[in-house]
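Inspection log for the structure reproduced underneath, given as C-alpha cells.
Numbers restart at 1 for each chain; the letters A, B, ... are given by sequence-line order, proteins then strands.
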Amino acid sequence: MDFSWMAWTLPTALFFLAIALMLVGMGVWEYVSPGGNPRVGVLRFETTRGDRLFVSLLGAAFIHLAWLGLVGANLWWALALSVIYAIAVFRYV
Amino acid sequence: MEKTWNNKAWFMVLPVLVLVAFSAVIPLMTVVNYSVQDTFGNNEFFWAGTDWFMDVLESDRFWDALTRNLIFSAIILAIEIPLGIVIALNMPKKGIGVPICLVLMALPLLIPWNVVGTIWQVFGRVDIGLLGRTLAALGINYNYVQNPIDAWVTLIVMDVWHWTSLVVLLCYAGLVSIPDAYYQAAKIDGASRWSVFRYIQLPKMKRVLLIAFLLRFMDSFMIYTEPFVVTGGGPGNSTTFLSIDLVKMAIGQFDLGPAAALSIIYFLIILLLSWIFYTVMTTSDAQG
C-alpha cells in the first residue's frame with residue numbers, strides 16, 4: 001500500500017508511535033491493575049488514570065503551543081515542562 | 001446479579017474502531033504531517049518544522065477569528081439554552097397539541113444548513129426579502145451586506161431559529177420523563193411554580209441540558225455553512241469565523257501547511273473547551 005499521500009516524516013511518525021506506545025502502556029497497566037485507579041485529587045473531582053493521561057496530553061499540547069507563541073521555536077524546554085506537568089498530573093490530580 | 005466478564009466482547013468494538021480510524025485518526029495524522037511541511041503540489045513536501053504554528057499564533061487574523069468565534073458561541077448559548085427551556089416548559093404534555101408541537105419544533109432541524117443560509121440570505125435582503133423590506137418600511141436602517149452589526153444580528157437570529165428546537169426537544173424529553181408523583185408531592189407541599197422548576201424540573205433536565213449545551217457549543221464554534229452562504233465572512237472580515245478563515249487558507253490560497261497548523265490549534269481549543277464544560281457539568285451533577 002502506498003501511504004505517500006499522507007506525507008509521513010520521521011518526526012511525525014515518532015510522535016504518533018509515542019502516543020500509540022502510551023496507549024498500549026495504559027492497556028497493559030489496566031490489565032495488571034484493573035479499575036482505572038479512580039481518585040479525587042487537587043481538582044476536587046474523580047479522575048481515572050485514563051483521564052489523567054488525557055489531561056497530561058492536552059496540557060502538553062497547550063504548553064508547546066504557548067512556548068511557540070511566547071518564547072520561540074526551540075521546544076526542548078517545553079517538552080521538559082510537559083513531562084514535569086504530566087508527572088504532577090499523575091501524582092496529584 | 002453478578003456481572004459476567006468476557007473479553008471476547010472487545011471484538012464487538014472492532015467495527016467502531018475501524019470506522020473511527022478511517023474517519024478521524026488517519027485524516028488527523030495526515031493533517032499533523034501537513035502541518036510541519038510545505039508543498040507546492042504534485043505530492044512533493046518540504047520540511048518546515050514548527051514555522052506554520054508560529055505564523056498562525058503570531059497572526060492577528062487567527063486571534064480575531066477566534067475572538068469572533070468565542071463571542072458568537074457565548075451569545076448563542078446565552079440565548080438558545082434559556083429560550084429552549086422556556087419553550088419546553090410551556091409545551092403541552094398531553095393531547096393533540098403534543099404531536100403538532102413536536103413536528104413544528106423538528107421542522108427547522110430537518111432543513112440542510114446551506115438551505116437555511118439561502119433562506120435567510122433572501123429573507124434579509126433589503127430589495128426583495130420580507131424581513132429586509134419590512135424593517136425598511138418601519139424606518140429601521142438594516143443592511144446585513146454593509147453593516148457588521150446587522151450581519152451579526154442576522155446570523156444570531158438565524159442560528160436561534162435553526163437550533164433552539166434541538167434544545168427544546170432535548171429538554172422536553174427530560175421533562176416528560178418526570179413521574180407525576182413528583183408534581184403531586186410538590187402540590188401537597190404547596191410548592192411555588194419556581195420551586196417546582198428549581199427543585200424538580202431543572203435537576204431532572206440536567207443530563208439532557210449537558211448534551212444540549214455541548215452540542216450547541218461545538219456546533220456554534222465550528223459553524224461554517226450558514227455564515228458562508230449569508231455573508232461570506234463579511235462585511236470586511238466581521239463574520240469571518242475560524243472555519244471560514246480555514247477554508248479560505250486551505251482551498252482559496254492553497255496554503256496547506258498553515259491551514260493544517262490552524263486546524264490542529266482549532267481542534268485542540270474545541271477539545272479543551274468541551275472537556276472543561278463536560279467536567280464542570282458532570283461534576284456539579286454528581287455533587288447535586
Worksheet entry | Straight-line distance of Thr279(B) OG1 to Glu46(A) CD, nearest 0.5 Å | 12.5 Å

Practice prompt. Could you grab the distance from atom CZ of Phe53(B) to atom NE2 of His64(A), nearest 0.5 Å is fine?
Written response: 11.0 Å

Minimum-distance pair of heavy atoms, taken over all atoms of [X] and [Y]:
X: Thr283(B); Y: Arg44(A); result: CG2-O, 4.5 Å
X: Thr9(A); Y: Trp47(B); result: OG1-CZ3, 3.8 Å
X: Gln37(B); Y: Ala7(A); result: NE2-O, 2.7 Å

Fill in: Contacting moiety of Ser35(B), where chain A heavy atoms sit under 4.5 Å
neither

Worksheet item: Tell me, side chain or backbone of Ile264(B) under 4.5 Å from chain A's heavy atoms, or both, or neither?
Response: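 Neither; nothing under 4.5 Å.
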
Worksheet item: Does Phe16(A) reach the side chain of Val32(B), with side-chain heavy atoms less than 4.5 Å apart?
Response: yes

Worksheet item: Between Trp275(B) and Asp51(A), is any pair of side-chain heavy atoms under 4.5 Å apart?
Response: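 SC-SC contact between Trp275(B) and Asp51(A) ruled out.
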
Quick check on [X]: does its [atom1] atom have over 12 non-hydrogen neighbours (other residues, nucleotides or ligands) under 6.0 Å away?
X: Lys204(B); atom1: NZ; result: no
X: Phe46(B); atom1: CZ; result: yes
X: Phe228(B); atom1: CZ; result: no
X: Tyr278(B); atom1: OH; result: no

Heavy-atom pairs under 4.5 Å with chain A: which of [options] has the most?
options: Glu58(B), Met54(B), Met29(B); value: Met29(B)
options: Leu271(B), Val36(B), Val31(B); value: Leu271(B)
options: Leu268(B), Asn33(B), Leu57(B), Thr30(B); value: Asn33(B)

Item to complete: Heavy-atom distances under 4.5 Å only: say whether Leu65(A) touches chain B with side chain, backbone, both or neither.
Response: both

Worksheet item: Under a 4.5 Å heavy-atom cut-off, does chain B meet the side chain of Leu75(A), its backbone, both or neither?
Response: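 Only the side chain of Leu75(A) comes within 4.5 Å of chain B.
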
Fill in: chain B interface, residue from Trp8(A), Phe15(A), Phe3(A) that has the most non-hydrogen pairs under 4.5 Å
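Among Trp8(A), Phe15(A), Phe3(A), the one with the most close pairs to chain B is Trp8(A).
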
